[in-house]
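First comes the structure, then the notes that go with it.
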Amino acid sequence: MIDPNDPLRGSYANWTLVQPCGYKILVELVENREISKYKGTLEIPDDVADKYNNASIVGKVLQLGPDCYTGEKFSNSGAWCKPNDIVLLSPYSGTRVRSSLDVHKQLRLVNDDTIEAVLPD
């Protein structure tokens, strides 16, 4: 079991009760319910927002599995991301997961080498 207070592997934000195993990373997808436009906010319809969310490629890292970023291919570069980082993913990568605690949040379990980039806050 991963300690949620471990600064490298755990995250205080893992409220999902989903524990990533092996090389998996638990990522929460960023919701696209509102689009800012100039001085106001434009609300987009739910069906359009769902299309954006299904193809969403931006997420927040919640927790790393115990074997993430270990092995020969990561020996020189180290970890690519850590909990609470905002990352860029391939559009349909990973396994989709819904938490029983909050069914409105979209989660994905992705391999450690499918993280494309870490984005600034």
Side-chain angles (χ1 to χ4, degrees):
M1 174 80 70
I2 298 170
D3 178 12
N5 298 319
D6 180 357
L8 179 62
R9 302 278 181 218
S11 171
Y12 66 90
N14 191 1
W15 42 263
T16 65
L17 301 180
V18 175
Q19 295 291 323
C21 297
Y23 299 100
K24 298 293 184 178
I25 297 174
L26 182 64
V27 177
E28 176 186 353
L29 298 184
V30 175
E31 299 235 358
N32 293 314
R33 290 284 176 199
E34 293 183 336
I35 298 175
S36 297
K37 186 168 183 167
Y38 303 110
K39 294 183 180 180
T41 302
L42 173 66
E43 182 81 20
I44 62 175
D46 286 341
D47 59 333
V48 174
D50 287 341
K51 288 179 185 177
Y52 278 109
N53 284 335
N54 288 336
S56 177
I57 57 172
V58 176
K60 179 181 178 182
V61 175
L62 296 182
Q63 192 168 17
L64 303 178
D67 297 329
C68 283
Y69 302 114
T70 59
E72 291 180 16
K73 66 181 175 180
F74 298 111
S75 62
N76 293 333
S77 62
W80 294 352
C81 64
K82 61 186 183 308
N84 299 321
D85 279 351
I86 304 298
V87 294
L88 189 66
L89 306 169
S90 298
Y92 295 101
S93 66
T95 304
R96 287 162 182 77
V97 179
R98 294 231 185 233
S99 170
S100 60
L101 298 178
D102 189 352
V103 295
H104 301 293
K105 298 286 184 182
Q106 291 191 13
L107 307 171
R108 289 199 191 169
L109 284 167
V110 298
N111 289 335
D112 56 2
D113 59 354
T114 60
I115 300 296
E116 303 287 336
V118 176
L119 303 175
D121 293 339

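Just so it is clear, the structure is predicted and the values come from calculations on it, not from any experiment. Only heavy atoms go into these numbers, but all of them, side chains included; no hydrogens, no water, no symmetry mates.
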Nearest heavy-atom pair of [X] and [Y]: which atoms, and what distance?
X      : Y      : answer
Cys81  : Val61  : SG-CG2, 4.0 Å
Leu109 : Pro20  : CD2-CB, 3.9 Å
Leu64  : Lys82  : CD1-CA, 4.4 Å
Leu26  : Val18  : CD2-O, 3.7 Å
Val118 : Trp80  : CG2-O, 3.1 Å
Tyr69  : Asp112 : N-OD2, 3.0 Å

* Is there a chain of hydrophobic side chains (I, L, V, M, F, W, Y, each step under 4.5 Å between heavy atoms) that links Tyr23 to Val110? ->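 The answer is no; the residues belong to distinct hydrophobic clusters.
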
So do the side chains of [X] and [Y] get within less than 4.5 Å of each other, counting heavy atoms only?
X      : Y      : value
Gln63  : Gln19  : yes
Lys24  : Asn111 : yes
Leu107 : Leu29  : no

* **Distance in Å, Leu119 CG paired with Asp85 CG, rounded so as to fall on 0.5 Å steps** =>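 CG of Asp85 is found 9.5 Å from CG of Leu119.
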
* About how many Å separate OG1 of Thr114 and CG of Leu88, when rounded to the nearest 0.5 Å? ->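 The OG1 atom of Thr114 is 10.5 Å from CG of Leu88, to the nearest 0.5 Å.
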
* To do: Spell out, as yes or no, whether a donor-acceptor pair under 3.5 Å connects the side chain of Arg108 to the backbone of Ser93.
  => yes

